[in-house]
There are 2 protein chains.
Amino acid sequence: MGRAQFAPGDFLDAARSLAAEHGPAAVTVDAVTRRLDAPKGSFYYRFASRDLLLGELWLATVLAYQEGFVAAIEAGDGLAAALHMPAWVRRNREAARLLLLYSRHDFVQGKWPAALKRGVADQAQRFMASLERFAHSAFGGSDADAVRRAQFVLADVPMAAIRPHLQRRESPPPLVDELIRATYHAIVGGGAAPQTASSSSIASTRSG
Amino acid sequence: MGRAQFAPGDFLDAARSLAAEHGPAAVTVDAVTRRLDAPKGSFYYRFASRDLLLGELWLATVLAYQEGFVAAIEAGDGLAAALHMPAWVRRNREAARLLLLYSRHDFVQGKWPAALKRGVADQAQRFMASLERFAHSAFGGSDADAVRRAQFVLADVPMAAIRPHLQRRESPPPLVDELIRATYHAIVGGGAAPQTASSSSIASTRSG
DNA sequence: GAGAGTCTAGACTATATAGTCTATAACTTA
DNA sequence: TAAGTTATAGACTATATAGTCTAGACTCTC
């Protein structure tokens, strides 16, 4: 069969669905090929190993998210960077579950080739650079504490706000953005804080 | 061998260490018994299955954490409940890794007996009751949004602040408490907020 | 249309792991 | 000390899964 019936992307798509539905452990080669009704040989013709499939899936997912994040930071808009997470999650529900419900190590525990390794390292490095850049502009320094603060408002808090909803397979409601925004202003301060720390106002903003 | 060489707790301890070090997937029956130099028979004499071991480990871990949390809520001190997480994590590093780095489903995917099932359900119910109680006192209601806010400040944010440090196998530094506190005051407001939303003060509080 | 290259097809192998089963050693109690 | 109880001991089975291998079907080019 000289004409390909399956593209590499088909296997990645199937893997993404399976991982989003039942976790990365459910992404067995048999499960993936069964879902596509493809023979095993066709899988291994394209991917050297299951580890590689999962590694590529993870990297693609992280990069897809990070693109908008880095852009926002480079535009000097920290709040937009923080709010990029819920926005992206709403548009990419399956990928979002991979990114927020599991860790890198659930995907890439094994040995991967240099190319993938470099890809992941580059990604981490670009992300850290963004955090440092933001830390510098928001907290006046790039020491460990300032970077940690940046990570907190730009990544940890958005994840924390969204995760429970993904766990219940819901789309993150608007309340999530509000919580991220309020936290952002509390930690970063300044800017266009719509209200002061007195927060009964926050609590009642979006209840209906 | 009429006198027991191993207590059930020995297997739980070994399982906890393994899970903390390499994740719950590394808690195989072989790995556990190898670590204790115990025969397989001795394991299955005490635990009906691997699932049961992991289930009991998870439940014990959650309950150990929750005790202090619920007590703080019942004492009417929301901030103490939020700060209980970093305090508990510092005292229970291994258990903390289970609780914060993995999800319930990594431990209890299989079938468990009614007793365990009830234990987990009870635990979840007590936790929700605490959240509702706090939501009522802090946000004046127990509707879904108010409970979600409660979960955010009391559970999600503390987890988010701590998780990166556990991932690096560090003890959570004091900065973590500060971030939790600042977020708490931003969302809950009122109370004894030590500073207003202008946060250059927060940023410089604990840099040295 | 012959030959080369591409991809499908799926049986087969190797290995890790959960769980079973039988024998027996070490205690306990009458 | 005999009988009964409790636990150790580890070989064995069953199953899931990653990965290999060979045959051959399809397509494209000359």
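Atoms considered below: every heavy atom in the structure, side chains included; atoms not considered: hydrogens, waters and symmetry mates.
- One can place OH of Tyr44(A) at 9 Å from C1' of dT20(D), the figure rounded to the nearest angstrom.
- For Arg46(B), whose side chain is taken as the heavy atoms from C-beta onward, the closest listed nucleotide among dA18(D), dT8(C), dA7(D) is dA7(D).
- Atom C1' of nucleotide dT17(C) and atom CG of Asp30(B) are separated by 6 Å, given to the nearest angstrom.
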Side-chain polar contacts of residues 25-38 of chain A - donor-acceptor pairs under 3.5 angstrom, sequence neighbours left out - could you list them?
unit_1	atom_1	unit_2	atom_2	d
Thr28(A)	OG1	Ala31(A)	N	2.9
Asp30(A)	OD1	Lys40(A)	NZ	3.4
Thr33(A)	OG1	Val29(A)	O	2.9
Thr33(A)	OG1	Asp30(A)	O	3.1

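- Between the CZ atom of Phe47(B) and the P atom of dA7(D) there is a distance of 13 Å, rounded to whole Å.
- For the pair Arg34(A) and Ala48(A), nearest-nucleotide mapping onto DNA chain D gives the more 5' position to Arg34(A).
- When rounded to the nearest whole Å, the span between CG of Leu18(B) and P of dT17(C) equals 12 Å.
- Straight-line distance from the CG atom of Asp10(A) to the C1' atom of dT8(C): 14 Å, rounded to whole Å.
- Taking atom CZ on Phe6(A) and atom C1' on dA9(C), their separation rounds to 10 Å, with Å as the unit.
- When rounded to the nearest whole Å, the span between OH of Tyr45(A) and P of dA9(C) equals 14 Å.
- Using a cutoff of 4.0 Å between basic side-chain nitrogens and carboxylate oxygens, Arg16(B) and Asp13(B) are scored as salt-bridged.
- Taking the six-membered ring where tryptophan is involved, the planes of Phe107(A) and Trp58(A) are essentially parallel, since the angle between them stays under 30° and well short of 60°.
- By the 6.0 Å contact criterion, CZ on Arg90(A) is enclosed, its count of non-hydrogen atoms from other residues, nucleotides or ligands being greater than 12.
- The distance from atom CZ of Phe43(B) to atom C1' of dT8(D) is 15 Å, rounded to the nearest whole Å.
- Salt bridge present: Glu178(B) and Arg149(A) bring a charged side-chain N and a carboxylate O closer than 4.0 Å.
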With B for base contact, S for sugar-phosphate-only contact and - for none (protein heavy atoms under 4.0 Å), nucleotides 10-16 of chain D reads B------
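- Arg148(B) and Asp156(B) are joined by a salt bridge, as a carboxylate oxygen and a charged side-chain nitrogen come within less than 4.0 angstrom of each other.
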